[in-house]
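First comes the structure, then the notes that go with it.
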Amino acid sequence: MSQALTIKDTYLDELNPKEYIIIKRARVNNLKNLSVAIPRNKLVVITGLSGSGKSSLAFDTLFAEGQRMYVESLSSYARQFLGRMEKPEVDYIKGVSPAIAIEQKVNTRNPRSTVGTTTEIYDYLKLLFARIGKTYSPVSGKEVKRDTVTSVVDAINKLPAGTRIMIASPLHIKKGRKLADELNLLLSKGFARILVNGEVKFIEELIGTEAEGAKKKKAIKVEGDIEVLIDRASVNPEDEDTTFRIGDSVQTSFFEGEGDCIVYAEGESKLHFSDRFELDGMTFTEPSVNFFSFNNPYGACQTCEGFGKILGIDEDLVIPDKSLSVYEGAVAPWRSETMGEWAKPLLKNGIKFDFPIHRPYNELSPKQQELLWAGNEYFDGINGFFKYLESKTHKIQYRVMLSRYRGRTNCPDCKGTRLRKDAQYVKIADTSITDLVLLPIEESLVFFEKLKLPAHDQKVSERILTEIRSRLEYLTKVGLGYLTLNRITSTLSGGEYQRIKLATSLGSALVGSMYILDEPSIGLHPKDTDRMVSVLKTLRDLGNTVIVVEHEEEIMRAADQIIDIGPDAGSHGGELVFQGSLKDVNGKVKSHTTDYLSGREEIAIPLLRRKWKDSITVHGARENNLKNLTVKFPMGVLTVITGVSGSGKSTLIKKILYPAVGRLNGSVAEAPGKYDKLEGDFQKVTQVEFVDQNPIGKSSRSNPISYVKAYDAIRNLYADQPLSKQRGYKPSHFSFNVEGGRCETCEGEGEIRVEMQFMADIFLKCESCHGKRFKQEILEVEYNGKNIADILDMTVEDGLNFFRDKKAVYDKILPLNDVGLGYVKLGQSSNSLSGGEAQRVKLASFLGKNSTEGHILFIFDEPTTGLHFHDISKLLKAINALVDQGHSVIVIEHNLEVIKCADWIIDLGPEGGEKKGGTLMFEGTPEEMVKKGKGFTAEFLKNKLASQQK
């Protein structure tokens with residue numbers, strides 16, 4: 001391996017901070033006085049092995065300094081609410097712009113947070129529909145309009161000039177009054193005439209009639225419609241006085257008629273106007289921003305309170321096997337002898353309304369399924385059955401039966417859209433806001449690109465539409481076109497969430513900033529990498545410095561400059577190994593990165609693919625976007641599930657295969673998604689292990705050596721030392737989790753938390769043990785010159801050398817090194833490990849067991865996250881070791897280095913999302929995929945194998 005590059009201090013001092021971000025002698029974590037000059041307004045990739053110091057340079061040095069400078073610029077009042085930010089351990093950093101870090105972590109678990117709200121698109125949609133949305137009646141489909149004085153006058157002025165008109169309003173007789181009382185009141189207001197069935201009558205004459213007949217004591221009898229005549233006029237649009245007079249009369253009419261105005265015109269039918277927002281006998285709510293907000297009580301669905309889900313009757317629990325017909329007992333609660341009485345009317349009368357009682361439930365049309373639930377005059381239906389149970393909840397057996405079939409279901413009122421029902425009546429181009437949020441983002445973009453609006457609406461909404469189109473376009477560019485705006489943020493993967501934040505930043509169009517991204521290619525199929533590169537370049541071209549911590553080959557090749565940190569990981573890293581453009585990688589400087597980029601080094605394709613006999617087959621997988629798939633999973637081989645983002649890989653494995661097989665052997669309690677049946681040799685599987693990127697432990701006390709069970713052997717070793725035996729120390733004395741040998745001041749934490757009012761908690765090194773975690777007398781016990789605190793501070797690689805002759809310890813920590821974690825400290829807190837590191841610690845624990853008893857099905861979710869080519873090579877050896885031990889391994893992966901090494905490939909596609917994903921594209925070996933496979937994965941794999949075989 002080459003020597004690290006050194007940059008002379010005098011050279012750094014001469015550079016212009018307006019052109020470069022200059023870091024002089026960085027010593028954060030494992031960085032060894034690293035000096036580097038990063039060109040501004042360029043796309044720069046920082047790469048290197050896992051643990052070489054990339055994140056230390058990008059996040060712990062550059063971003064930390066950018067944040068600290070921002071906090072320092074705030075007022076002293078504002079700073080008191082923020083945590084104290086320490087200056088990174090570095091001589092100086094010059095030329096730092098305002099820093100924005102976009103990491104992989106999904107940092108929201110709020111069930112109200114959606115893709116639309118996170119990207120701010122939904123805020124613009126609310127504004128758009130409030131401004132130009134038209135409300136349509138669900139009865140007639142006509143537009144609901146509120147008439148105004150101006151609109152009525154305009155309607156009158158459109159009549160032929162000289163047309164005689166009468167303006168009137170309905171007479172509303174108040175409760176407790178008689179007609180005579182109302183007429184007297186009108187007379188006192190100055191009105192002289194009324195209309196009875198359109199015929200003019202003088203009020204005085206009617207009152208006079210009553211006076212004449214007073215002796216007979218008879219009240220006024222008027223049959224038909226009674227209206228107050230407000231005014232009579234002739235249409236003359238040219239005469240301003242006439243127009244003003246008509247306007248005043250219309251306003252009076254609205255007032256007297258309590259919102260109604262009637263106009264009689266010669267040769268025209270009676271015209272009715274209303275200043276109420278109503279039509280077809282329905283009163284509608286006028287659109288406003290809050291009307292479309294599910295986070296506001298005004299706009300949220302009243303049933304689910306804006307969550308979209310309620311605790312209701314779960315269809316999957318009521319009809320667990322969709323391949324059965326009603327006659328065969330598809331409806332689970334009707335299978336008993338007593339409750340079977342509810343099915344008899346349907347079975348007996350089904351022929352009368354053409355209901356196929358012998359057809360499987362999943363083959364019924366949506367209308368037939370709805371009929372089964374709703375019922376008709378011949379039978380009560382499933383909903384009627386459960387209403388009956390709810391009416392009998394005073395009996396425990398009915399309460400138990402109800403609870404058996406309850407689950408989280410879509411809200412029946414808003415259908416999961418979260419908004420009040422009448423929000424769907426407001427439309428733009430025949431599309432409501434709920435229609436838009438349920439569309440895939442790429443289809444929403446097509447809608448807005450094709451949207452044609454009237455001139456006035458276009459002018460009002462021009463700025464809003466620009467923002468919406470821009471944000472939707474960036475989401476599509478970063479490969480998230482398959483998501484919907486209604487998707488809950490907490491259900492996104494880390495890579496998806498990061499790309500959403502990236503698209504949001506692009507939509508904000510900031511300039512002069514420093515963007516630091518943590519592996520934006522995570523979860524991206526090679527097909528989408530080109531689009532990601534174009535997005536990063538767009539961000540750069542706006543006038544920003546884009547710094548990407550990345551291992552993806554295509555992004556490295558697209559970078560203006562590559563900074564390689566190494567040469568290896570941990571204590572062997574932290575140095576600048578290579579800095580330059582892609583054309584410089586073939587030069588004299590050699591590193592793991594330049595070797596792979598130049599083709600000097602590569603991950604070899606297996607000479608032979610493993611053969612298999614046994615398999616597990618999933619029939620009829622229909623969860624989320626899966627299209628009724630039947631997929632065969634071979635056993636005893638390395639299987640890779642691949643496909644573009646959103647094609648259904650995680651749904652098939654995480655939601656169906658894993659819980660379905662795991663429930664059979666009792667290792668998983670989670671209910672599987674929708675599928676028909678499981679066939680094959682699943683009885684041979686003794687255990688299912690899902691190795692994901694969740695933390696191995698959230699406690700600061702959890703660490704890698706305790707997870708792989710090596711710490712027990714180390715504590716036993718120290719308890720066997722002569723000084724320990726002399727003082728009576730047991731293995732528990734060398735644990736920082738229990739009382740005895742640990743420092744009681746910090747309770748084995750090594751640091752003390754000080755709670756600060758109005759400020760973030762401060763962690764200070766424990767003054768008693770100075771961060772060592774143990775009492776001084778325990779630290780006096782040494783093995784080969786090292787005490788227990790020194791052991792915890794060692795890297796895995798150093799630990800292997802130290803315990804070379806202690807097989808019990810060596811064999812336990814060797815798998816950590818085999819999976820590429822030689823740089824991690826033995827006692828490093830597990831909550832400081834990345835998702836990829838946590839996943840590899842889990843893998844190491846299984847390798848350490850070296851179990852040949854039983855057959856374990858291992859499932860890995862994108863294990864190459866955060867891995868360099870060199871580390872992927874180590875990972876593949878470790879995964880193949882599990883297969884060689886007699887187990888089965890299934891890997892969800894996009895990385896072509898892993899795909900080409902698989903024994904069996906299952907490819908889903910062709911694209912992502914509800915409409916374009918969820919189809920089985922190919923099953924077979926990589927060689928068969930290159931020959932017969934269709935779709936994006938086959939195309940990229942063909943190019944990969946062809947380039948490697950040259």
Side-chain angles (χ1 to χ4, degrees), residues 100 102-108 113-128 431 433-451 463-510 515 517-542 544 546 548 555 624-625 643-647 650 894 911-917 936:
I100 300 158
I102 304 176
E103 299 184 85
Q104 303 158 15
K105 295 173 185 174
V106 182
N107 55 15
T108 177
S113 174
T114 66
V115 171
T117 57
T118 304
T119 56
E120 300 170 0
I121 292 173
Y122 194 72
D123 296 326
Y124 286 107
L125 282 178
K126 289 190 295 183
L127 196 58
L128 182 71
T431 307
I433 194 168
T434 53
D435 294 335
L436 285 174
V437 297
L438 293 174
L439 276 179
I441 285 167
E442 57 194 3
E443 291 185 28
S444 296
L445 177 59
V446 171
F447 170 82
F448 281 105
E449 284 176 340
K450 292 182 176 178
L451 183 62
R463 186 76 185 98
I464 303 170
L465 288 170
T466 302
E467 292 291 341
I468 292 172
R469 286 178 185 134
S470 168
R471 282 165 163 76
L472 288 173
E473 190 177 338
Y474 284 129
L475 281 170
T476 307
K477 278 186 177 179
V478 297
L480 296 176
Y482 59 89
L483 293 178
T484 63
L485 293 174
N486 208 39
R487 174 82 173 263
I488 300 171
T489 310
S490 58
T491 64
L492 300 171
S493 69
E496 286 172 331
Y497 186 74
Q498 188 187 26
R499 297 202 295 281
I500 277 178
K501 298 301 286 180
L502 176 60
T504 306
S505 297
L506 282 162
S508 304
L510 294 176
Y515 284 91
L517 291 91
D518 188 11
E519 294 198 64
S521 67
I522 287 174
L524 269 188
H525 190 274
K527 158 190 168 290
D528 297 314
T529 308
D530 288 343
R531 288 196 288 185
M532 172 58 74
V533 168
S534 73
V535 166
L536 295 174
K537 286 182 175 177
T538 303
L539 202 56
R540 173 200 65 189
D541 295 341
L542 285 171
N544 300 298
V546 183
V548 185
I555 293 180
N624 291 344
N625 65 339
V644 298
S645 304
S647 59
S650 295
H894 294 114
E911 300 259 357
E914 185 68 36
K915 295 182 180 177
K916 297 182 180 179
F936 297 107

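Values below: every heavy atom of this structure, side chains too, minus hydrogens, waters and symmetry copies.
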Original post:
Looking at CG of Asp123 and CD1 of Ile464, how far apart are the two atoms once the value is rounded to the nearest 0.5 Å?
Top reply: 11.5 Å
Subject >> Spacing of Ile102 atom CD1 and Leu502 atom CG [to the nearest 0.5 Å] >> reply: 5.0 Å
Original post:
Under 4.5 Å between any side-chain heavy atoms of Leu492 and Leu483, yes or no?
Top reply: yes
Subject >> N/O donor-acceptor pair under 3.5 Å between Arg471 side chain and Ile121 backbone >> reply: no
Subject >> Full working for side-chain contact (heavy atoms from CB on, under 4.5 Å) between Ser113 and Ile488 >> reply: CA-CA 6 Å; Ser113 174; Ile488 300 171; 6.0 Å; no
Original post:
Thr476 side chain to Leu472 main-chain N or O, any donor-acceptor pair under 3.5 Å?
Top reply: yes
Original post:
Is the shortest distance from a Lys or Arg side-chain nitrogen in Glu473 or Arg469 to a carboxylate oxygen in the other one below 4.0 Å?
Top reply: no
Original post:
Where the side chain of Asn625 meets the backbone of Gly646, is there a donor-acceptor pair that is under 3.5 Å apart?
Top reply: yes
Per-pair distances, 0.1 Å, donor-acceptor, side chain in residues 535-542, under 3.5 Å, sequence neighbours excluded:
from   : atom 1 : to     : atom 2 : distance (Å)
Thr538 : OG1    : Ser534 : O      : 2.7
Arg540 : NH1    : Asp560 : OD1    : 3.1
Arg540 : NH1    : Asp560 : OD2    : 2.9

Subject >> Distance in Å, Ile555 CD1 paired with Thr529 OG1, rounded so as to fall on 0.5 Å steps >> reply: 6.0 Å
Original post:
Tell me, do Lys501 and Glu496 make a side-chain contact under 4.5 Å, heavy atoms counted?
Top reply: no
Subject >> Tyr482 vs Ile441, side-chain contact (heavy atoms from CB on, under 4.5 Å): CA-CA, chis, key distance, verdict >> reply: CA-CA 6 Å; Tyr482 59 89; Ile441 285 167; over 6 Å; no
**OP:** Output yes when a side-chain donor or acceptor of Thr114 lies under 3.5 Å from a complementary backbone atom of Thr117, and no otherwise.
**Re:** yes
Original post:
Does Gly643 offer a backbone N or O that forms a donor-acceptor pair with the side chain of His894 under 3.5 Å?
Top reply: yes
Original post:
Is it true that the side chains of Thr118 and Thr489 contain a donor and an acceptor less than 3.5 Å apart?
Top reply: yes
Subject >> Interatomic distance, Phe448 atom CZ to Ser444 atom OG [nearest 0.5 angstrom] >> reply: 7.0 Å
Subject >> Distance (rounded to the nearest 0.5 Å) between Thr466 OG1 and Tyr124 OH >> reply: 10.0 Å
Original post:
Between CZ of Arg499 and OG of Ser521, what distance do you get to the nearest 0.5 Å?
Top reply: 9.0 Å
